[in-house]
There are 2 protein chains.
Amino acid sequence: MELLRKSGLKVTPQRLSVMNVIMEAGEHFKAEEVYRKLKKSEPSITLATVYNIFRSLTDNGIINSFEVDGTTWFESNLDAHANLFCEKCGTIEDVSLSENSNLLEQFSLDGRKVRSASLVLKGLCTKCSRNSR
Amino acid sequence: MELLRKSGLKVTPQRLSVMNVIMEAGEHFKAEEVYRKLKKSEPSITLATVYNIFRSLTDNGIINSFEVDGTTWFESNLDAHANLFCEKCGTIEDVSLSENSNLLEQFSLDGRKVRSASLVLKGLCTKCSRNSR
DNA sequence: CTAATTGCAAATTGTTTGCATATTC
DNA sequence: GAATATGCAAACAATTTGCAATTAG
């Protein structure tokens, strides 16, 4: 609620529900998934509304988004990290950068301006990597 | 030609044309752009064909792809680097990683398997950054 | 009361697919 | 000659838009 207010966004039940889903630590969702989850408790909600909400939340820096194979994922973790898409189970796993690595200072920027960075990995998550051994 | 042969892909004029466009150093293209470019010299070519070609080239590791805001870009630079999407002029600029940074060793991987990494930046390219000062 | 947001349907964009024809190897 | 690729039209998936009705501040 505070986050919405701080950004001048109106506090609607739909927005609160979407935020409830997305704010769980370490969670990553696609719009469609959130829509399906919410449909149960909030049957009137629309996929378009979910998309609209995600747009205002990302525009206001409340959540983060990144894309994998043509679809957009959302997460509440705003710290610099990589997202690993597991090619076996289709989930996303956060991958922290090694301590001595500050992602945002890794580039030779020479007079460019970087506003956002998205580091997406593809491979096998911890669980699937273990199971495939 | 050698690259195609090595991967067991048939050498067709369409594939050669696409590769000619994409192989220019530092160039980044969307399928649609390549299609428009080639339409002039090769009027029979189709957007679907361009997409098919890009798929076989990426599947065989001949070129690289990454996505920005829902559209896929292709490049021939296979070295580890970041791609900066300029929000002003809409082009992509390669950004090399600082020497002491090996992108693929930056993560705390602990038993995960990483097959590919895509680092996409958004901001202003060198030219637009200069012009906006 | 006013501006913002929702819900709905329809439109758009980027990309893929099925299939007949043509082309490489 | 067999397998693969092209061209074309049609299908698809993800996302956005226009607009009327509703709701938050």
Side-chain angles (χ1 to χ4, degrees), chain A residues 1-19 21-22 28-60 62-63 65-74 85 90 92 120, chain B residues 1-19 21-22 28-60 62-63 65-74 85 90 92 120:
Chain A
M1 282 200 23
E2 300 138 37
L3 288 170
L4 293 175
R5 289 238 170 75
K6 212 184 300 175
S7 299
L9 296 172
K10 290 187 173 170
V11 179
T12 68
Q14 294 86 339
R15 279 184 179 156
L16 288 174
S17 316
V18 169
M19 291 184 71
V21 173
I22 220 65
H28 304 80
F29 291 108
K30 299 183 263 187
E32 170 79 41
E33 291 172 345
V34 171
Y35 168 67
R36 281 207 313 273
K37 283 202 164 212
L38 293 185
K39 204 76 197 285
K40 297 172 192 161
S41 44
E42 211 125 355
S44 76
I45 205 166
T46 310
L47 185 51
T49 298
V50 174
Y51 273 109
N52 287 335
I53 291 175
F54 275 135
R55 179 134 53 131
S56 38
L57 295 182
T58 46
D59 284 355
N60 286 283
I62 296 173
I63 62 174
S65 73
F66 59 93
E67 359 178 3
V68 181
D69 292 340
T71 75
T72 306
W73 290 77
F74 301 92
F85 172 76
I92 301 283
V120 175
Chain B
M1 283 199 22
E2 301 138 38
L3 287 171
L4 292 175
R5 289 239 170 74
K6 211 184 302 173
S7 300
L9 296 173
K10 291 187 172 169
V11 179
T12 68
Q14 293 87 337
R15 279 184 179 158
L16 289 174
S17 317
V18 169
M19 288 184 72
V21 172
I22 219 67
H28 304 79
F29 291 108
K30 298 182 264 187
E32 169 79 41
E33 290 172 346
V34 170
Y35 169 66
R36 281 207 313 273
K37 281 202 166 212
L38 294 183
K39 203 76 198 286
K40 296 171 191 163
S41 45
E42 210 124 354
S44 77
I45 205 167
T46 309
L47 185 52
T49 298
V50 174
Y51 273 109
N52 288 335
I53 292 175
F54 275 135
R55 178 134 53 129
S56 37
L57 295 181
T58 45
D59 284 355
N60 286 282
I62 295 174
I63 63 174
S65 72
F66 58 93
E67 2 177 1
V68 181
D69 292 341
T71 75
T72 306
W73 291 77
F74 302 91
F85 173 75
I92 301 283
V120 175

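Here is the naming used below: chain letters follow the sequence lines, and residue numbers restart at 1 for every chain. Heavy-atom basis, side chains included; hydrogens, waters and symmetry copies ignored.
- As a whole-Å value, the separation of Arg55(B) CZ from dT15(C) P is 12 Å.
- Comparing dG7(C), dG14(C), dA24(D) by their nearest atom to the side chain of Ile45(A) picks out dG7(C).
- Base engagement by Thr49(A) is indicated by at least one non-hydrogen atom pair under 4.0 Å involving a base atom.
- At the phosphate of dG7(C), OP1 or OP2 sits under 4.0 Å from a side-chain N or O atom of Gln14(A).
- As judged by a 4.0 angstrom heavy-atom cut-off over every strand, Leu47(B) is placed among the base-contacting residues.
- Between Phe66(A) and Trp73(A), the ring planes are parallel. Angles under 30° get that label, and only those over 60° would be called perpendicular.
- The distance between atom CG of Asn52(A) and atom P of dA14(D), rounded to the nearest whole Å, is 18 Å.
- Nearest heavy atom pair, residue Phe74(A) against residue Ala31(A), reads CE1-N, 4.2 Å.
- Between the side chain of Lys10(B) and the base of dA3(D) there is at least one donor-acceptor pair of N/O atoms closer than 3.5 Å.
- Smallest separation of non-hydrogen atoms from Ile62(B) and Met19(B): CG2-CE, 3.8 Å.
- Side chain of Arg5(A), nearest nucleotide from dT6(C), dC25(C), dG25(D): dG25(D).
- In this structure, the CD atom of Glu32(B) is 9 Å from the P atom of dT15(C), given to the nearest Å.
- The interatomic distance linking Asp59(B) (CG) with dT4(D) (C1') rounds to 15 Å, in whole Å.
- Contact between the side-chain N/O atoms of Thr46(A) and the OP1/OP2 oxygens of dT6(C) is not found at any separation under 4.0 Å.
- Across dG7(D), dT6(C), dG25(D), the shortest atom-to-atom separation from the side chain of Ser44(B) is found for dG7(D).
- For the atom pair CG of Leu4(B) and OG1 of Thr12(B), the computed distance is 7.5 Å after rounding to the nearest 0.5 Å.
- Residue Pro43(A) is out of contact with every strand shown, counting any heavy-atom pair closer than 4.0 Å.
- Take the nearest nucleotide of DNA chain C for Ala48(B) and for Gly70(B): the residue whose nucleotide is more 5' is Gly70(B).
- Tyr51(A) has its OH atom 9 Å from the C1' atom of dA13(D), to the nearest Å.
- For the residue pair Thr49(A) and Gln14(A), no side-chain donor N or O sits within less than 3.5 Å of a side-chain acceptor on the partner.
- If you find the closest nucleotide of DNA chain C to Thr12(A) and to Thr72(B), the one lying nearer the 5' end belongs to Thr12(A).
- When the C1' atom of dT23(D) is taken as reference, atom CG of Leu4(A) falls 15 Å away, rounded to whole Å.
- Counting to the nearest Å, the P atom of dC8(C) and the CD atom of Glu42(A) are 12 Å from each other.
- We find that OH of Tyr35(B) is positioned 14 Å from C1' of dT15(C), with the value rounded to whole Å.
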